[in-house]
Amino acid sequence: MDYLRTPDTCFENLPGYPWAPHYAQVDDGEGHEMRMHYLDEGERDAPVVLMLHGEPSWSYLYRHMIEPVVAAGYRVIAPDLIGFGRSDKPVNREDYTYNRHVGWVRSLLLDHLDLRDITLICQDWGGLIGLRLVGNHPERFARVIAANTFLPDGEHDPGEAFRKWRDFSQTVPEFPVSMIIQGATTTELPAAVLAAYDAPFPEERYKAGARQFPALVPDRPDAPGAAENREAWQSLMAFDKPFITAFSDKDPITAGADAVLRKLIPGCQGQPHTTIENGGHFLQEDQGEALARVLTDLARDA
């Protein structure tokens, strides 16, 4: 599997991102090893908070949340998915599959770090991967916060907003990473922050994963990954540990998915679900401190 590795110089002096990199060789379960980058902040024996990003962002998205969560007494693990951030980036789009992404993250969490009693916070593709892993390995997770995400099984229409996004992502001549981030936030991002979102992708050939992700969302029952998600749902519909939804009020892509999660997952009962105001799809960028408070309150009170 041919891959690229973004030069370290691309990540120098990023605003608000002072943390040292950590790396692990991860296996997708099919024998394809890649180097995955992750942040590891806080005391090693502290309760673990796992922050999973989505498309086309990277762990930089969580920079407003890491310090307050660590200050509250937690260990934060924030990986870069394969194809994003400082992680390796396969060159060919067909090398990116839903199941491989799940396998790579599973390898990091279970094989390399051996994490247990995980508090998961997931958004966008962080949920498509993270919620699958909760369904597959519920014993490893203590609680979940789902923010602007879902676990699609191909049985339902993904909606007009998603179809427009997918069509754009597959047809735009140059994939405009920072423009996509800015377009899905409610705040005006400084030029240096926009440059940080572009940093992992110095050339178009580094963007195969970012380009491919929208095409991997299961939108029909026989789509790759749909059957595995249906199986994961069987476990999620028995998951009775705390599960909270913290969606934002200005995200047309995932609007309404929080109600479905609350209906189907037993652990949602009696939880302080919330709608975070003035947050776009990337609510960690718009309202990261507010989302961090939801996380620390849930973990403290559970």
Side-chain angles (χ1 to χ4, degrees), residues 48-55 57 61-62 64-65 68-69 72 74 76 78 117-138 140-153 155-159 161-162 184-186 217-218 229-230 232-302:
V48 173
V49 172
L50 171 65
M51 301 181 177
L52 288 182
H53 73 85
E55 147 84 354
S57 63
L61 180 67
Y62 282 103
H64 298 307
M65 299 178 59
V69 172
Y74 300 94
V76 170
D117 295 322
I118 301 167
T119 295
L120 168 67
I121 181 162
C122 54
Q123 178 261 345
D124 191 84
W125 262 94
L128 273 74
I129 294 169
L131 296 181
R132 166 89 78 83
L133 288 170
V134 174
N136 291 347
H137 306 280
R140 293 289 186 127
F141 293 85
R143 56 191 65 83
V144 177
I145 297 177
N148 294 351
T149 192
F150 195 62
L151 186 66
D153 61 4
E155 299 286 351
H156 305 283
D157 185 347
F162 172 76
T185 57
T186 60
V217 176
N229 281 2
R230 287 193 291 272
W233 264 112
Q234 296 304 308
S235 176
L236 288 173
M237 289 190 292
F239 188 82
D240 59 2
K241 300 172 189 178
F243 192 114
I244 189 169
T245 59
F247 281 44
S248 62
D249 62 345
K250 294 179 171 63
D251 179 25
I253 299 291
T254 63
D258 50 344
V260 179
L261 294 170
R262 294 195 298 269
K263 178 181 179 180
L264 295 178
I265 299 176
C268 289
Q269 300 304 311
Q271 298 299 331
H273 305 289
T274 188
T275 299
I276 295 179
E277 296 183 355
N278 197 32
H281 181 65
F282 297 104
L283 74 168
Q284 303 97 315
E285 188 64 61
D286 295 318
Q287 299 293 337
E289 294 86 351
L291 188 56
R293 286 194 297 272
V294 172
L295 189 155
T296 55
D297 288 349
L298 174 67
R300 182 178 60 246
D301 297 341

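Counting from 1, the numbers follow the sequence of the chain as shown.
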Interatomic spacing from [atom1] in [X] to [atom2] in [Y] - rounded to 0.5 Å:
{"X": "Asp117", "Y": "Lys241", "atom1": "CG", "atom2": "NZ", "value": "7.5 Å"}
{"X": "Asp258", "Y": "Thr275", "atom1": "CG", "atom2": "OG1", "value": "6.0 Å"}
{"X": "Leu295", "Y": "Arg143", "atom1": "CG", "atom2": "CZ", "value": "9.0 Å"}
{"X": "Arg140", "Y": "Leu50", "atom1": "CZ", "atom2": "CG", "value": "12.5 Å"}
{"X": "Tyr62", "Y": "Leu52", "atom1": "OH", "atom2": "CG", "value": "6.5 Å"}
{"X": "Leu236", "Y": "Trp233", "atom1": "CG", "atom2": "CH2", "value": "5.5 Å"}

Do any N or O atoms from the side chain of [X] and from the backbone of [Y] form a donor-acceptor pair under 3.5 angstrom?
{"X": "His64", "Y": "Glu289", "answer": "no"}
{"X": "Glu55", "Y": "Asp124", "answer": "no"}
{"X": "Asp249", "Y": "Gly279", "answer": "yes"}
{"X": "Thr185", "Y": "Phe282", "answer": "no"}

Indicate yes or no: at least one non-hydrogen side-chain atom of [X] is less than 4.5 angstrom from one of [Y].
{"X": "Asn229", "Y": "Pro218", "answer": "yes"}
{"X": "Glu285", "Y": "Leu61", "answer": "yes"}
{"X": "Phe239", "Y": "Val134", "answer": "yes"}

Taking atom CD of Glu277 as the centre, does the number of heavy atoms from other residues, nucleotides or ligands within less than 6.0 Å exceed 12? no
List the steps, then state whether side chain to side chain donor-acceptor pair (under 3.5 Å) holds for Thr254 with Asp251. CA-CA 6 Å; Thr254 63; Asp251 179 25; 2.5 Å; yes
Minimum heavy-atom distance [X]-[Y], with the two atoms named:
{"X": "Leu151", "Y": "Ala232", "answer": "CD2-CB, 4.0 Å"}
{"X": "Ala257", "Y": "Phe150", "answer": "CB-CD1, 3.8 Å"}
{"X": "Ser235", "Y": "Pro138", "answer": "OG-CG, 3.7 Å"}
{"X": "Met51", "Y": "Val69", "answer": "CE-CG2, 3.9 Å"}
{"X": "Pro272", "Y": "Ile244", "answer": "O-CD1, 2.9 Å"}
{"X": "Ile276", "Y": "Leu291", "answer": "CD1-CD1, 3.8 Å"}

Between Asn148 and the options Gln284, Lys250, Gln123, the side-chain contact (heavy atoms from CB on, under 4.5 Å) test singles out Gln123
Indicate every side-chain donor-acceptor pair of residues 263-271 with a distance under 3.5 Å to a residue at least two apart or in another chain.
| residue | atom | partner | partner atom | Å |
| --- | --- | --- | --- | --- |
| Gln269 | NE2 | Arg262 | O | 3.4 |

